[in-house]
Amino acid sequence: MKVVFMGTPDFAVPCLETLTQSRHKVIAVVTQPDRPRNRGQVTFCPVKERALELGIPVLQYEKVSREGVDDIRALNPDVIVTAAFGQMLSCEFLEIAPYGVINVHASLLPKYRGSSPIQWAVINGETETGITIMKTAYKMDSGDIITQKEVAIGEDETAGELFEKLSRAGAPELVKALDLLEDGKATFTPQDESKATYFPMLKKEDGEVDFSLPAHDVVCRIRGFNPWPSAFTSAGGKRIKIFKAAVVEGKGKPGEVIAAERDGITVACGDNAVKITELQPENGKKMSARDYLAGHKITVGTVFGNV
RNA sequence: CGCGGGGUAGAGCAGUCGGUAGCUCAUCGGGCUCAUAACCCGAAGGUCGUGAGGUUCAAGUCCCACCCCCGCAA
């Protein structure tokens with residue numbers, strides 16, 4: 001089938017690549033516009049970069065449903081595929097291709113609808129999530145399911161690691177779904193609305209660690225926010241990002257440092273404590289707690305958070 | 001021209017008023033210990049991001065240019 005592929009971040013890249021190696025043909029790629037980057041070199045989004053390498057034409061629109069309809073209709077695609085594209089699509093847009101729009105979603109729908117399903121699954125301490133390939137309906141992530149694949153979440157897995165796993169798992173599922181569609185063997189299973197859950201997009205400020213929560217919850221949040229937007233707290237007026245931590249025994253006022261040793265900085269939580277093993281100081285690079293302590297004086301009794 | 005911080009031993013940092021550098025950890029050697037990631041003693045390791053740039057008797061420290069890294073904001 002002739003496919004128009006729409007996606008933006010790293011997550012979508014394996015889908016695009018696998019698609020180009022399948023029997024289907026990607027005739028164009030649509031991504032979000034290049035955002036102005038002030039610091040460092042301006043780079044295209046991962047999908048655009050890969051598409052250019054593969055020699056596939058790239059289209060970019062602020063609102064594809066408004067500005068891109070005619071262009072895409074003119075390409076005469078059999079199906080349009082989206083993977084972490086990042087824009088809502090209009091009803092008109094959904095009708096452009098005969099097979100409509102097929103979406104790759106990183107959760108087992110109807111659970112975890114919304115734009116940050118991977119992080120939320122980790123934050124909530126889930127042990128399993130997955131990939132859903134569905135036909136896109138107008139209402140966010142509510143379309144009929146074509147295929148699903150479960151993926152286990154490791155106990156210490158970060159959202160970033162899970163991202164990669166799901167991204168790799170999603171690519172073959174997508175091809176499978178397109179094959180089924182083309183062969184007329186696809187089934188469309190409606191979602192059970194009563195079981196639907198929705199989680200909003202993660203915001204940067206949501207990453208502030210609340211040490212009054214139980215240690216387990218704190219760790220899940222730290223895992224879920226790693227690597228983006230990253231969990232953080234503050235000490236001495238400086239912001240510190242926290243990337244890795246584990247639950248340990250300990251008691252103290254929430255946020256209080258109860259140990260600062262080579263293997264980690266232990267901070268008391270609402271219940272038990274967390275040992276921080278990887279962090280990043282303001283203006284610094286990500287480093288182990290051990291390296292951090294070599295040059296920063298963190299003493300027992302220091303309180304993190306609430307500046 | 002969005003705001004700001006930084007590039008000093010392998011790593012993380014300090015270096016006050018300009019006078020050729022210091023701390024913690026790691027490394028190597030030795031010691032102590034039943035033992036140890038612990039402790040004690042000692043050693044090695046740096047042309048201080050780049051420019052045979054500017055100011056100066058003298059620059060890590062001040063000025064200029066460039067490169068790279070990072071935080072915030074988008």
Side-chain angles (χ1 to χ4, degrees), chain A residues 6-12 30-49 58 60-64 66-67 84-88 114-116 119 156 158-161 163 200-211 218 221-250 255 257-267 273-307:
Chain A
M6 313 210 295
T8 302
D10 289 312
F11 179 80
V30 181
T31 78
Q32 296 267 38
D34 300 327
R35 303 293 181 198
R37 281 268 201 74
N38 298 312
R39 188 160 57 68
Q41 289 210 332
V42 183
T43 45
F44 301 145
C45 67
V47 166
K48 177 172 178 180
E49 201 133 290
V58 175
Q60 296 178 290
Y61 306 96
E62 203 58 59
K63 287 194 181 294
V64 70
R66 188 164 306 174
E67 309 151 16
F85 176 55
Q87 289 181 25
M88 298 284 279
S115 46
S116 308
Q119 283 106 322
D156 298 317
T158 64
E161 290 158 356
F163 239 94
M201 182 148 70
L202 237 43
K203 284 176 300 200
K204 204 133 190 163
E205 60 265 31
D206 297 331
E208 177 148 23
V209 178
D210 178 359
F211 286 106
V218 170
R221 291 190 77 89
I222 290 169
R223 286 165 53 216
F225 278 80
N226 175 351
W228 195 92
S230 77
F232 65 89
T233 186
S234 52
K238 302 251 170 133
R239 177 175 287 213
I240 297 174
K241 290 187 178 181
I242 302 172
F243 288 95
K244 287 222 167 113
V247 177
V248 293
E249 300 266 312
V257 174
I258 54 179
E261 296 159 334
R262 59 202 310 138
D263 62 337
I265 300 168
T266 306
V267 182
V274 294
K275 179 175 282 188
I276 299 169
T277 53
E278 194 175 307
L279 67 167
Q280 176 175 20
E282 189 170 305
N283 297 329
K285 292 185 178 175
K286 193 194 296 187
M287 65 186 79
S288 64
R290 183 197 187 123
D291 286 344
Y292 181 81
L293 289 172
H296 300 78
K297 291 155 206 155
I298 291 282
T299 49
V300 172
T302 301
V303 177
F304 281 170
N306 66 73
V307 185

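FYI, side chains are in, hydrogens and waters are out, and symmetry mates aren't considered; it's all heavy atoms of this structure. Order of the sequence lines fixes the chain letters, A, B, ..., with proteins taken first and strands second; residue numbering starts at 1 for each chain.
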In whole angstrom, what separates [X]'s [atom1] from [N]'s [atom2]?
| X | N | atom1 | atom2 | value |
| --- | --- | --- | --- | --- |
| A:Leu293 | B:rA37 | CG | C1' | 15 Å |
| A:Trp228 | B:rC72 | CH2 | P | 11 Å |
| A:Lys203 | B:rA74 | NZ | P | 13 Å |
| A:Asn283 | B:rA73 | CG | P | 13 Å |
| A:Glu282 | B:rC13 | CD | P | 13 Å |
| A:Lys204 | B:rG71 | NZ | C1' | 9 Å |
| A:Glu205 | B:rA73 | CD | C1' | 12 Å |
| A:His296 | B:rG6 | NE2 | C1' | 11 Å |

Identify which nucleotide among [options] has an atom closest to any side-chain atom of [X], counting heavy atoms from C-beta outward.
| X | options | value |
| --- | --- | --- |
| A:Arg290 | B:rC13, B:rG71, B:rC25 | B:rC25 |
| A:Asp291 | B:rA26, B:rC72, B:rG12 | B:rG12 |
| A:Arg262 | B:rA26, B:rC70, B:rU24 | B:rA26 |
| A:Lys285 | B:rC72, B:rC70, B:rA26 | B:rC70 |

Below 3.5 Å is the cut-off: list the nitrogen or oxygen pairs between protein and nucleotides 41-45 of chain B, distance only.
none

For the side chain of A:Asp34 and the backbone of A:Phe44, is there at least one donor-acceptor N/O pair under 3.5 Å apart? no
Hey, does the side chain of A:Thr31 reach the backbone of A:Lys48 with a donor-acceptor pair shorter than 3.5 angstrom? no
Which of these, A:Lys286, A:Glu282, A:Gln280, sits in a side-chain contact (heavy atoms from CB on, under 4.5 Å) with A:Lys241? A:Gln280
Which value, in whole Å, describes the distance between the [atom1] atoms of nucleotides [N] and [M]?
| N | M | atom1 | answer |
| --- | --- | --- | --- |
| B:rU47 | B:rU8 | P | 13 Å |
| B:rC34 | B:rG22 | C1' | 39 Å |
| B:rG6 | B:rC64 | P | 15 Å |
| B:rG31 | B:rU36 | C1' | 15 Å |
| B:rU50 | B:rU56 | P | 24 Å |
| B:rA43 | B:rC23 | P | 11 Å |
| B:rC66 | B:rC13 | C1' | 26 Å |
| B:rC63 | B:rA74 | C1' | 33 Å |

What contact category does [X] fall into here, base, sugar-phosphate, or nothing, at under 4.0 angstrom with non-hydrogen atoms?
| X | answer |
| --- | --- |
| A:Lys241 | sugar-phosphate |
| A:Lys238 | nothing |
| A:Gln280 | sugar-phosphate |

Using Watson-Crick or G-U wobble geometry with both distances below 3.5 Å, tell me the partner of [N], or none.
| N | answer |
| --- | --- |
| B:rG18 | none |
| B:rC39 | B:rG31 |
| B:rG10 | B:rC25 |
| B:rC62 | B:rG54 |

According to the interplanar angle, ranging from 0 to 90°, do the rings of A:Phe11 and A:Phe163 count as parallel (below 30°), tilted (30 to 60°) or perpendicular (above 60°)? perpendicular
Suppose we screen for salt bridge (charged side-chain N to carboxylate O under 4.0 Å, His left out). Which residues come up paired with A:Glu205, at least two apart in sequence or across chains? none
Provide the closest heavy-atom pair for A:Tyr61 versus A:Pro33 in the form atom of the first, atom of the second, distance. O-CD, 3.2 Å
At their closest point, which heavy atom of A:Gly305 faces which heavy atom of A:Thr233, and how far apart are they? N-OG1, 3.1 Å
Quick one: on RNA chain B, does A:Ala294 or A:Pro229 contact a more 5' nucleotide (nearest heavy atom)? A:Ala294
Using side-chain heavy atoms (C-beta onward) and a distance below 4.5 Å, is A:Ile240 in contact with A:Tyr292? yes
Under 4.0 Å between a side-chain nitrogen and a carboxylate oxygen: does that hold for A:Glu278 and A:Lys285? no
